[in-house]
Amino acid sequence: QVQLVDDGGGLVQPGGSLRLSCAVSGGPSDYFAIGWFRQAPGTRGRDGVACMFSSDSSTYYADFVKGRFTISRDNDKNMIYLQMNNLTPEDTAVYYCAADRIRRKYPRDYGPPLFGDYWGQGTQVTVSS
């Protein structure tokens, strides 16, 4: 069982930056993929933002964050990070760290290949002037 604790959200002005963190109870051998989802205010679903495969550290991003967000990890600290730059009000959402226990197949247009067998509690990001 992998436990995730995400943190780092807050209020930031448009154009600003934030770095989210996710503390992982297990190591890279305990999950196949790890990354972030977000849920915007007033919406019911969560959108995949970015993910990383444990095996080779390959990364995947949603089109709406490419070039602005970067996912990274520190294996020594069992931490996952999401560096978010050039934030816009449309990035306002609750961000959730998530991890997959197993590898899955996804449709071509699915987005970052992450399902979410394990979830963090979420951290609020608000982009507003």
Side-chain angles (χ1 to χ4, degrees):
Q1 184 81 9
V2 173
Q3 293 183 333
L4 308 173
V5 178
D6 36 38
D7 197 7
L11 174 63
V12 63
Q13 292 187 342
S17 299
L18 277 176
R19 189 178 79 158
L20 305 183
S21 63
C22 177
V24 185
S25 65
S29 62
D30 295 314
Y31 54 85
F32 176 78
I34 194 163
W36 300 86
F37 286 84
R38 73 185 188 185
Q39 185 168 6
T43 64
R44 300 182 65 179
R46 296 177 182 178
D47 296 320
V49 175
C51 73
M52 174 183 288
F53 284 179
S54 175
S55 58
D56 60 4
S57 298
S58 55
T59 57
Y60 303 85
Y61 296 93
D63 287 343
F64 53 80
V65 303
K66 281 182 180 177
R68 301 189 298 127
F69 291 12
T70 303
I71 187 171
S72 63
R73 70 178 176 181
D74 184 330
N75 288 339
D76 291 336
K77 296 180 179 179
N78 286 339
M79 295 291 292
I80 304 296
Y81 302 101
L82 185 68
Q83 178 66 42
M84 307 186 295
N85 297 329
N86 195 20
L87 287 162
T88 74
E90 289 69 35
D91 295 315
T92 295
V94 179
Y95 285 72
Y96 297 90
C97 182
D100 284 0
R101 179 174 54 85
I102 60 173
R103 182 173 188 168
R104 293 178 172 86
K105 292 184 178 180
Y106 298 92
R108 182 179 296 275
D109 61 350
Y110 180 82
L114 189 69
F115 172 77
D117 294 308
Y118 309 109
W119 291 88
Q121 80 283 5
T123 185
Q124 176 71 48
V125 172
T126 302
V127 185
S128 175
S129 56

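We use all heavy atoms of the structure for the numbers below, so side chains are in, but hydrogens, waters and symmetry mates are not. Values in this document were obtained by computation on a predicted structure and should not be read as measured data. FYI, the numbering just counts along the sequence from 1.
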Item to check | Residue pairs, two or more places apart or on separate chains, that pass salt bridge (Lys or Arg N to Asp or Glu O under 4.0 Å) and touch residues 1-11 | outcome: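 Residue pairs passing salt bridge (Lys or Arg N to Asp or Glu O under 4.0 Å), neighbours aside: none found.
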
Interatomic distance, [X] atom [atom1] to [Y] atom [atom2] [nearest 0.5 angstrom]:
X   : Y    : atom1 : atom2 : result
S29 : N75  : OG    : CG    : 10.0 Å
Q1  : R101 : CD    : CZ    : 9.5 Å
Q83 : S72  : CD    : OG    : 8.0 Å
S21 : K77  : OG    : NZ    : 10.5 Å
M52 : T70  : CE    : OG1   : 9.5 Å

Let me have the donor-acceptor pairs involving side chains of residues 122-129, under 3.5 Å, with sequence neighbours excluded, atom names and distances please.
unit_1	atom_1	unit_2	atom_2	d
T123	OG1	G9	N	3.0
Q124	NE2	A93	O	3.4
Q124	NE2	T126	OG1	3.3

Next on the checklist: Please give me the minimum heavy-atom distance between A62 and G48, naming the atom from each residue.
Outcome noted: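 Looking at all heavy atoms of both residues, the shortest contact is CB-O, 3.4 Å.
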
Item to check | For S54 against R73, the heavy-atom pair lying closest together | outcome: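 Looking at all heavy atoms of both residues, the shortest contact is O-NH2, 2.9 Å.
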
Please say yes or no: joined through hydrophobic side-chain contacts below 4.5 Å, possibly via intermediate residues, are [X] and [Y] part of one cluster?
X    : Y   : value
Y61  : F64 : yes
M84  : L4  : yes
L114 : Y60 : no

Next on the checklist: By the definition side-chain contact (heavy atoms from CB on, under 4.5 Å), identify the one residue from I71, L82, I80 that meets it with C22.
Outcome noted: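 Of the listed options, the one satisfying the test is I80.
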
Item to check | Criterion side-chain contact (heavy atoms from CB on, under 4.5 Å) against R38, the qualifying member of T43, V94, L20, D91 | outcome: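 In the set T43, V94, L20, D91, the residue that makes a side-chain contact (heavy atoms from CB on, under 4.5 Å) with R38 is D91.
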
Checklist entry - More than 12 heavy atoms of other residues, nucleotides or ligands under 6.0 Å from CZ of R104: is that the case? => result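 More than 12 within 6.0 Å, yes.
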
Item to check | Under the side-chain hydrogen bond (donor to acceptor under 3.5 Å, both in side chains) test, residues paired with S17 that sit two or more places apart | outcome: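 For S17 the side-chain hydrogen bond (donor to acceptor under 3.5 Å, both in side chains) partners, ignoring immediate neighbours, are N85.
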
Checklist entry - Are L18 and F69 close enough that some pair of their side-chain heavy atoms sits under 4.5 Å apart? => result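 L18 does not reach F69 side chain to side chain.
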
Checklist entry - Is M79 isolated, or which residues cluster with it under the ILVMFWY side-chain rule of less than 4.5 Å, directly or via members? => result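 Direct or chained contacts put M79 with Y81.
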
Item to check | All pairs passing ring pair (Phe, Tyr, Trp, His ring centres under 6.0 Å) where residues 10-45 contributes a residue, at least two apart | outcome: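 Sorted pair list: F32-F53, F37-W119.
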
Checklist entry - Please, which pairs that meet ring pair (Phe, Tyr, Trp, His ring centres under 6.0 Å) have at least one residue in residues 85-110, sequence neighbours excluded? => result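 Sorted result for residues 85-110: Y106-Y110.
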
